[in-house]
Amino acid sequence: MTVPSFQFLALVVAGALVYNISSALHWRQAVLLAINILFLATLSRSPAPFLPFAGFLVLGFVSVRVLQAVRSSKLFVAAICYVLLSFFWLKKYAFLPEESFLQFPYVTIGLSYVFFRVMHLMIDAHQNSVESSVRAIDYANYTLNFTSLVSGPIQRFQDYHRMQNSVLPALDEVIVGRAVERIAPGFFKVFVVSMLLLHWHTILLSGFGSELTWGARTVTGALIVAIYPIYLYFNFSGYTDTVIGAARLFRLELPENFDRPFSSENFITFWSHWHITLSNWLKTYVYNPLLMALMRRFESPRLEPYFAVLAFFVTFFLVGAWHGQTSEFLFFGVLQGAGVAINKLYQIEMARSLGRKRYRALCQNAYYRALSRGFTPAWFAATLLWFWSDWSQIAALWRALGAAGAVAAAILTTICATVGLWAWVAIRDRVDHLTIFSSRYVRTAAVSAEMAVLVMLNVVLESPAPEIVYKGF
Amino acid sequence: VLEELIAVSIQLGPVKRHSRMSERRFFGGDCAMLVLIAALTVAVIVGLAEGGARVLFSEREDSCISVKGFVPNCTSVQKVAEGPLVTNHYNECGYRTAEPCGPKPGGAIRVAVVGTSISRGYAVAYEDSFAARASADLSRLCGRPVEFQNVSIAWGATDGPAWEQFDDRVEEAYRLQPNLVMFVLAPWDIWKYRGAQGEAPAAPAPRRFERWPFYSTLHQVAEYARRVREQSRAVLVLRHLVYLDRDTFVRRYLMNGDESDYLRTPLSDPWRRRLQFVDGLLDKLARESEQAKVPNVVVYVPFAPQVILAASNPVEPGIEPLAFDRAIGRISASRGSQYIDVLRPMSRRPRPADMYYSVNGHPNAQGHEVIAQAVVSGLLSNAAFSSCESANAVGTVGFH
């Protein structure tokens, strides 16, 4: 089953109706488990492809229970290594021998996100941050939650457990309205905006070649690079909106994954607003421990800021490299790590040379902010080349553009992003203060308009929903 | 310092949603009001889209068309949504041809074209149609008038060519005392052959869900929705825009089932029967040709998806864009007709889809230009044009 799709919506509605029959905890847990299993069953017709997935889940559960019962650092390290290795093996990472891989097709959809949940649970269990003993049904419903299984967001177990065990208010029109207000824009983003942007991207790519004039090549090249992040944003945030809305019908509040990322004024902030739950996970379990370990190992106040640069590089290299097993994704990771590390280094050096007060004043300067806001998505768009294409496509793009064309395209992208985002932020700041947009009637009209356009486009295409890019990770 | 660095790592803390959600419960008339607003919004959006599409992509029917053919000496203005406004003038025989259809002028070469919409230049200006272009170019090359008389088969009740008129039209074409008879075929014309489905199977017993109450009502509603969709101009405009992405266009076309199955190999049974039907048509043409001692040529004009697929490499397994074209060529050869291949020259063009109206499916002026070039090149090798300049001269008049 594709998420989002009208079939998924039907499952959510039918599931929510049954789920809300009783507010008893056992009822809700049992129904949620049944829906999770039903959703999983739509991914394969026979049970065999689920066995490796199930094995991974059992391994995670046993590890969590053992780590809760036995406080041993050695055992913790061994369990972490074992789960990590199992994940790499099931995902067929290239550094493992190919002959060791399972030779039959099996389900891996959502495995990366299950992995993050299991790892978080294991680390928190070892650190005694999980209050009670993790029960099998809680573990299964948490790791396999059908609303967030495919591509997150990555929820903390403690948050899930608290919500599941709290006394829930009755499902009323306000809760349903809140759910619909997330689901409808989510569908609209995926089915309409991201699909049209992908079409545009494909058209530009197919028409891009040496037969175009230098100017046309530069503009087309800039558009090809610039459209993809916008498409990715609408595709992934549309998915996130849908699942957050769907979870609300089960009275589960999933964490947000996006918070106006293109308004960010530097690359570090950008990653706090883009795929938030993944970057937070890595900050919590990689950045902070690594930084603390470095500071403990090398006690030098002069070097401490540079440890942060190193920790940032490692963390965001992992953010990028996590996306796939190819060299392109590794390089994508290097570019993410380099972007954030250079950003941090720049902040340190600017604060040192200008002084903290003057640097802070510079950061408040409207022109400086606008330029920073333009440069951030332009850099991200350029790095995404290694995310959506391969080396041969990048080489072909480079050959067609040439060095001068590539520089011109980069400058063009930055200028357009600067001007466009400056205008967008100015408009948004004004619109945010208009009370008319908080009116229930206006919001109903907006949702209806989105659904009308969505249905019209769906009628035209008569084809399945576009794939969620992050489904493959 | 550590605190500061960790603070940087978690930058803004928990995400603040910029939500304008009101937690206020509904009051009395809220539900009805919200439903009304939703319905009104949908009506306004659909109305604006449809109205705007009808203004920007307007259509005008050809008023000279009748079930039996085209009204003689009639002039009409026609427009398809994706095309320009064109004037159609039909001569005294009801053919869309500039020249009169009476006795052939002395020294002139006359080509009688039997075909359907493409052969009479549907949705393009007359001077842009392949027949008019080929007529002008051949007249120049041959140094004497070459006229194309468009003997069109009218559209029947099935919204396709009325094939039962074929015999009459062929006989009519030979009565014009032509030097050559040209038969122009397109996949859609062949698809519309009614006998392709073979013997109608016995009606199957209604399935269980078909006996459910309200099934027939639901079925009627679905059928009505389908008709509305087909007639909606907003849907047409959306399709036009979406089909700018050629991959989607081809993928969508291949989802048409039987209609697009001629691109798949092995050919399905209905398409084998359609080829047999084409064989029958060409047999009739061959017999008339033999009797009148007039040669004939067959021109197969492909649709855009076939041209796009023929131009792309590789194509997905099971798809063979050239197979059907070759099959028509083989049948033509077996009936002694010259076959003019249009698919290959069209597929060699840089952006093949630009030669068609994407939703309407007919070739546009650019497409007719390429068809005309292929036709002229082909005709120069035909005995009827033996007195004209050699094919080498084609380059000097700017065809390629």
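Numbered from 1 within each chain, the chains take letters A, B, ... in sequence-line order. Worth saying up front: this structure is predicted, and the values here are computed from it rather than measured.
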How about Tyr357(B) and His362(B): are their ring centres within less than 6.0 Å of each other? no
Please flag which part of Ala49(B) lies under 4.5 Å from any non-hydrogen atom of chain A: side chain, backbone, both or neither. side chain
Using a cut-off of under 4.5 Å for heavy-atom pairs, which of Val242(B), Val44(B), Thr41(B), Leu236(B) has the most such pairs with chain A? Thr41(B)
With respect to Glu59(B), which candidate in Lys79(B), Arg54(B), Arg233(B) satisfies the salt bridge (Lys or Arg N to Asp or Glu O under 4.0 Å) definition? Arg233(B)
Of all heavy-atom pairs linking Phe316(A) and Lys283(A), the shortest is CZ-CE, 3.9 Å
Counting heavy-atom pairs under 4.5 angstrom with chain A, the leader among Ala225(B), Pro350(B), Ala38(B) is Ala38(B)
Who among Val447(A), Val453(A), Leu457(A), Leu198(A) has the most heavy-atom pairs with chain B under 4.5 Å? Leu457(A)
Nearest heavy-atom approach of Val307(B) to Pro302(B) is CG2-CG, 3.6 Å
What's the verdict on side-chain hydrogen bond (donor to acceptor under 3.5 Å, both in side chains) for Asn257(A) and Thr277(A), showing C-alpha distance, side-chain angles and the deciding distance? CA-CA 6 Å; Asn257(A) 239 353; Thr277(A) 56; 2.7 Å; yes
Between chain B and each of Ala452(A), Ser206(A), Ser448(A), Ala449(A), count heavy-atom pairs under 4.5 Å; write down the option with the most. Ser448(A)
Find the one option among Val235(B), Leu40(B), Asp247(B) whose heavy-atom pairs under 4.5 Å with chain A are most numerous. Val235(B)
Pick one of side chain, backbone, both or neither for Ile45(B), based on which atoms fall under 4.5 Å of a heavy atom in chain A. side chain
Pair Glu181(A) + Arg248(A): basic N to acidic O under 4.0 Å: no
